[in-house]
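Note that ligands are numbered from 1 as they come in the structure, with each ligand's atoms numbered from 1 the same way. From a predicted model like this one, the values you see are computed outputs, not experimental measurements. Every heavy atom of this structure was used, including side-chain atoms; hydrogens, water molecules and symmetry mates were not.
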Amino acid sequence: MYKVWIDVNELRDSFFGWSKMPEPTGLLMVTPKYFDVVDVKNPYMLENVGNVEADLAELQWNHLQAAFMELKEAEVIHHIETLEGEDDLEDMVFCANPVFEWLLEDHQPVVLLSNMRHERRQGEVEAFKQYFAVQGIKTRQLPEEIKVEGNGDLIPHPGIRAVWMGYGFRTDLQAAEWVANTIEAHVIPLKLISHDFYHLDTCFCVIDAENVAICTEAFDEESIRKIMAVFTHVHEVPLKEAKEHFALNSLIMRSPSGQKYGILPTGNETLKEILTDLDTTVIEVDTSEYIKSGGSVYCMKAFTYRK
Ligand code: ARG
């Protein structure tokens, strides 16, 4: 019954009947001790090899952790777990990518382990595999030739057993069927067409079940149609803001009472206005050192679903 939704009309007719899914209860972070830019995996890294200021990166990570703590104080989440980064795994701080946690229909957690596009990042997956084994949490992995990069390309639709899946750069379209069956969720693929938006979380920011902010340049026309079929309000963020300040890599979470909190990279005035109009509490954090590597707030956490 869970499937991959390719046809826009079928999607529109079916979406509003899909079953409910709880929201994440916690966040996981990885410390930035070994964070660096050592090679070029995306356009943002091009000019930045060897350019990371480690002290500033650590300070910015601490501020991000403090922002996540605010979510905990507001009872939006209940847990924050922190894992130590590992030597030679310079991108491990972007822990949204190697894993994707979800709840099965019986409410047991399952972690989808990624098959990373870049060999250098596969070690992160191994580190997480061990971590979840120790926790006694079930993990699943696709056949290794099918690439999928976790929550970087799999973005949950709030409150529903459905994920939006970006494909074209890091994640393969062939992963969709497998993801749907493994996590028991509907999968709506979106085709990414610009190298600057190589992960779905760089160009698609879900605000709540009815509102999403996107950068239209990142998607093909059919994908835009799918987004418009499901969300009542599709807010456009200018290319410059999405590219230079990583607007759409913001993390928006909702409390059980429906209050929205948004953690935004600094410099995103359009998105800030959109969110303020939607009564969202906005927290800004400077992530300039991480943007040098092509990542920001949303990729520096993994969702968890502990009781
Ligand atoms: N340097 C990392 C890479 O290219 C950055 C990943 C950022 N993550 C994200 N979801 N955008 O793989």
Side-chain angles (χ1 to χ4, degrees), residues 27-30 32-52 54 57 60-61 64 85-86 88-101 112-128 147-156 163-172 175 190 192 194-206 213-215 218-219 237 241-252 263-265 268 271 285 287-303:
L27 297 174
L28 189 154
M29 301 181 81
V30 172
K33 187 163 170 203
Y34 298 101
F35 169 64
D36 201 356
V37 176
V38 303
D39 61 2
V40 179
K41 303 184 191 81
N42 65 58
Y44 302 90
M45 302 173 91
L46 253 177
E47 311 259 289
N48 285 314
V49 174
N51 246 347
V52 170
Q60 291 179 346
W61 188 91
L64 182 63
E86 293 185 19
D88 219 30
L89 296 178
E90 72 283 352
D91 276 327
M92 192 171 168
V93 71
F94 301 115
C95 56
N97 307 155
V99 287
F100 181 75
E101 187 169 328
L112 195 65
L113 297 170
S114 298
N115 290 330
M116 305 298 289
R117 179 72 56 186
H118 299 90
E119 194 51 44
R120 268 198 75 72
R121 294 202 66 186
Q122 197 58 32
E124 301 169 35
V125 180
E126 295 311 312
F128 273 109
K147 303 300 177 207
V148 63
E149 293 209 349
N151 188 212
D153 274 324
L154 298 171
I155 299 191
V163 294
W164 297 87
M165 188 190 96
Y167 70 94
F169 294 101
R170 299 297 183 84
T171 296
D172 294 324
L190 297 174
L192 304 177
S194 159
H195 281 277
D196 290 327
F197 303 111
Y198 61 94
H199 268 151
L200 186 59
D201 72 1
T202 61
C203 50
F204 180 85
C205 176
V206 175
I214 65 166
C215 180
F219 300 97
V237 164
E241 203 167 293
K243 246 172 92 165
E244 288 177 16
H245 303 289
F246 265 63
L248 300 167
N249 206 252
S250 298
L251 172 65
I252 320 291
I263 305 182
L264 276 61
N268 291 303
L271 183 64
V285 289
T287 58
S288 61
E289 295 315 290
Y290 299 95
I291 290 177
K292 289 177 179 172
S293 184
S296 183
V297 177
Y298 194 89
C299 12
M300 293 172 71
K301 61 88 196 80
F303 289 128

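Ring planes of Y198 and Y44: tilted class, angle from 30 to 60°.
The pair D196-K243 counts as a salt bridge, with a side-chain nitrogen and a carboxylate oxygen less than 4.0 angstrom apart. Salt-bridge check for R121 with E90: failed, with every basic side-chain N at 4.0 Å or more from each acidic carboxylate O.
Taking 4.5 Å as the limit, some side-chain heavy atom of R120 sits within range of a side-chain heavy atom of D88. Taking 4.5 Å as the limit, some side-chain heavy atom of M116 sits within range of a side-chain heavy atom of N97.
Under the side chain to side chain contact (heavy atoms under 4.5 Å, CB included) criterion, A57 pairs with F35, V52, E289, Y290, not counting sequence neighbours.
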List below, pair by pair, the N or O atoms of ligand 1 and of the protein that are less than 3.5 Å apart, including the distance to 0.1 Å; reply 'none' if no pair qualifies.
{"residue": "ligand 1", "atom": "1 (N)", "partner": "D91", "partner atom": "OD1", "Å": "3.1"}
{"residue": "ligand 1", "atom": "1 (N)", "partner": "D91", "partner atom": "OD2", "Å": "3.4"}
{"residue": "ligand 1", "atom": "1 (N)", "partner": "S293", "partner atom": "O", "Å": "2.8"}
{"residue": "ligand 1", "atom": "1 (N)", "partner": "S293", "partner atom": "OG", "Å": "2.8"}
{"residue": "ligand 1", "atom": "4 (O)", "partner": "N42", "partner atom": "ND2", "Å": "2.8"}
{"residue": "ligand 1", "atom": "4 (O)", "partner": "R170", "partner atom": "NH2", "Å": "2.8"}
{"residue": "ligand 1", "atom": "8 (N)", "partner": "N97", "partner atom": "OD1", "Å": "3.1"}
{"residue": "ligand 1", "atom": "10 (N)", "partner": "N97", "partner atom": "ND2", "Å": "3.1"}
{"residue": "ligand 1", "atom": "10 (N)", "partner": "H199", "partner atom": "ND1", "Å": "2.9"}
{"residue": "ligand 1", "atom": "10 (N)", "partner": "D201", "partner atom": "OD1", "Å": "2.9"}
{"residue": "ligand 1", "atom": "10 (N)", "partner": "D201", "partner atom": "OD2", "Å": "2.7"}
{"residue": "ligand 1", "atom": "11 (N)", "partner": "H199", "partner atom": "ND1", "Å": "3.2"}
{"residue": "ligand 1", "atom": "11 (N)", "partner": "D201", "partner atom": "OD1", "Å": "3.1"}
{"residue": "ligand 1", "atom": "12 (O)", "partner": "R121", "partner atom": "NH1", "Å": "2.7"}
{"residue": "ligand 1", "atom": "12 (O)", "partner": "R170", "partner atom": "NH1", "Å": "3.0"}

